[in-house]
Amino acid sequence: PLTPDELEQAISGPAGRVGLHVEPELALAIGREVGQQPGTLPLLQYALTELYDQRRERTLTKAAYQSIGGVAGALSRRAEQTYLGLDATSQAAARQCFLRLVTLGEGVEDTRRRALRTELLSLTPSPPPDPGVSQPLTPTPSPLPHPEAAGEMDSVIESFGRARLLSFDRDPATRLPTVEVAHEALLRAWSRLRGWLEESRDDLRLQRRLAA
């Protein structure tokens, strides 16, 4: 983990090398938001990429940081853009994928959950949801053959991985590939994901009890 001084250097050093000025108040604001979170550098990368696009001449400003909603705002925008870039079948797969990557909080905030990639690839995407109709967590049969359905999910996982919204590792015991949400802040920032969780909260609890 970076110390506050190291975090400030990670912001101002690269900016200075390309002739950009960073407002002192901006570095402090970023430090307050990302300093204590896991995965600080990827979170910082999201914020600074957005800030570079919003720069005022050669200056990165706190006003621009506030306008993009801080790190959480940058994350939610990237997630929504990635989702909207998928076709309807892949969007259904993305919903199933993210629902399996969250542990519901009982009286506390929801947290990210690490899942085996094989668990996600075994899910068959449901048909695109009908607006206004609550959608079950349990996938319905798909006209796609299983290998093709797994390929659809694999493509979705890779899309969100390229956007650095999912991260990949291996299970310490089995060494099987795992997938998890890269930044827990996404669970709070992405309104679409929050909606999915609220719609499916009872189904999620039932699914986890059945799995256990």
Side-chain angles (χ1 to χ4, degrees), residues 1-86 91 94-95 97-99 101-105 107-114 156-169 178-198:
L2 298 177
T3 66
D5 286 343
E6 289 169 339
L7 183 63
E8 193 280 330
Q9 291 169 20
I11 298 170
S12 61
R17 285 196 293 273
V18 295
L20 292 175
H21 172 68
V22 179
E23 289 184 347
E25 298 84 357
L26 170 62
L28 289 173
I30 294 176
R32 283 193 295 269
E33 184 171 2
V34 308
Q36 301 303 314
Q37 295 196 49
T40 292
L41 289 178
L43 287 168
L44 184 61
Q45 182 182 35
Y46 267 104
L48 293 178
T49 300
E50 293 285 334
L51 282 172
Y52 182 78
D53 292 338
Q54 301 290 329
R55 66 192 182 279
R56 188 181 64 198
E57 297 180 351
R58 306 298 295 176
T59 302
L60 304 182
T61 67
K62 183 181 178 182
Y65 182 73
Q66 292 171 332
S67 73
I68 65 172
V71 170
L75 278 173
S76 63
R77 267 194 300 276
R78 181 67 64 90
E80 188 67 9
Q81 288 170 357
T82 304
Y83 175 81
L84 293 176
L86 304 174
Q91 287 180 352
R95 181 180 185 275
C97 175
F98 276 94
L99 286 175
L101 295 176
V102 178
T103 296
L104 296 179
V108 295
E109 286 189 338
D110 299 334
T111 56
R112 56 184 173 175
R113 169 182 178 260
R114 180 176 293 186
V156 167
I157 292 170
E158 289 300 319
S159 294
F160 282 94
R162 284 192 299 273
R164 300 182 301 281
L165 297 167
L166 296 179
S167 61
F168 308 105
D169 203 342
T178 60
V179 182
E180 66 182 319
V181 175
H183 313 294
E184 205 151 82
L186 186 63
L187 276 60
R188 298 180 293 276
W190 191 17
S191 59
R192 186 181 297 275
L193 177 54
R194 291 202 312 272
W196 289 340
L197 290 169
E198 290 308 311

Shortest non-hydrogen contact from L26 toward L60: CD2-O, 3.4 Å
Closest heavy-atom pair and its distance - H183, L75: CD2-CD2, 3.4 Å
Criterion side chain to side chain contact (heavy atoms under 4.5 Å, CB included) on V22 and L51, from CA distance to verdict: CA-CA 10 Å; V22 179; L51 282 172; over 6 Å; no
R114 CZ to S167 OG distance, which is reported to the nearest 0.5 Å: 7.0 Å
Residue pair T103 / R112: nearest heavy atoms and the distance that separates them: OG1-O, 4.2 Å
Test side chain to side chain donor-acceptor pair (under 3.5 Å) applied to Y65 and E23, step by step: CA-CA 11 Å; Y65 182 73; E23 289 184 347; over 6 Å; no
Value rounded to 0.5 Å, distance of CD in Q91 from CZ in R95: 12.0 Å
From T3 atom OG1 to E8 atom CD, the distance as rounded to the nearest 0.5 Å: 10.0 Å
Check against side chain to side chain contact (heavy atoms under 4.5 Å, CB included), L28 and K62: CA-CA 9 Å; L28 289 173; K62 183 181 178 182; over 6 Å; no
Pairwise distance CG(L187) to CG(L197) - rounded to 0.5 angstrom: 6.5 Å
R56 atom CZ, over 12 foreign heavy atoms within 6.0 Å: no
Smallest separation among heavy atoms of I68 and A47, with atom names: CD1-O, 4.1 Å
Aromatic plane relationship, W190 with Y83 - under 30° parallel, 30 to 60° tilted, over 60° perpendicular: perpendicular
I157 CD1 to L165 CG distance, which is reported to the nearest 0.5 Å: 13.5 Å
Geometric class of the F98/W196 ring pair [parallel <30°, tilted 30-60°, perpendicular >60°]: tilted
Taking every non-hydrogen atom, the tightest pair across T82 and S159: CG2-O, 4.0 Å
Minimum-distance pair of heavy atoms, taken over all atoms of A94 and L86: CB-CD1, 4.1 Å
Separation between CZ of R113 and OG1 of T178, rounded to the nearest 0.5 Å: 11.0 Å
Residues E50, R77; criterion side chain to side chain contact (heavy atoms under 4.5 Å, CB included); working and verdict: CA-CA 10 Å; E50 293 285 334; R77 267 194 300 276; 3.8 Å; yes
Heavy-atom donor-acceptor pair, R58 side chain to V18 backbone, under 3.5 Å: yes
Atom CZ of F168 with >12 non-hydrogen neighbours under 6.0 angstrom: yes
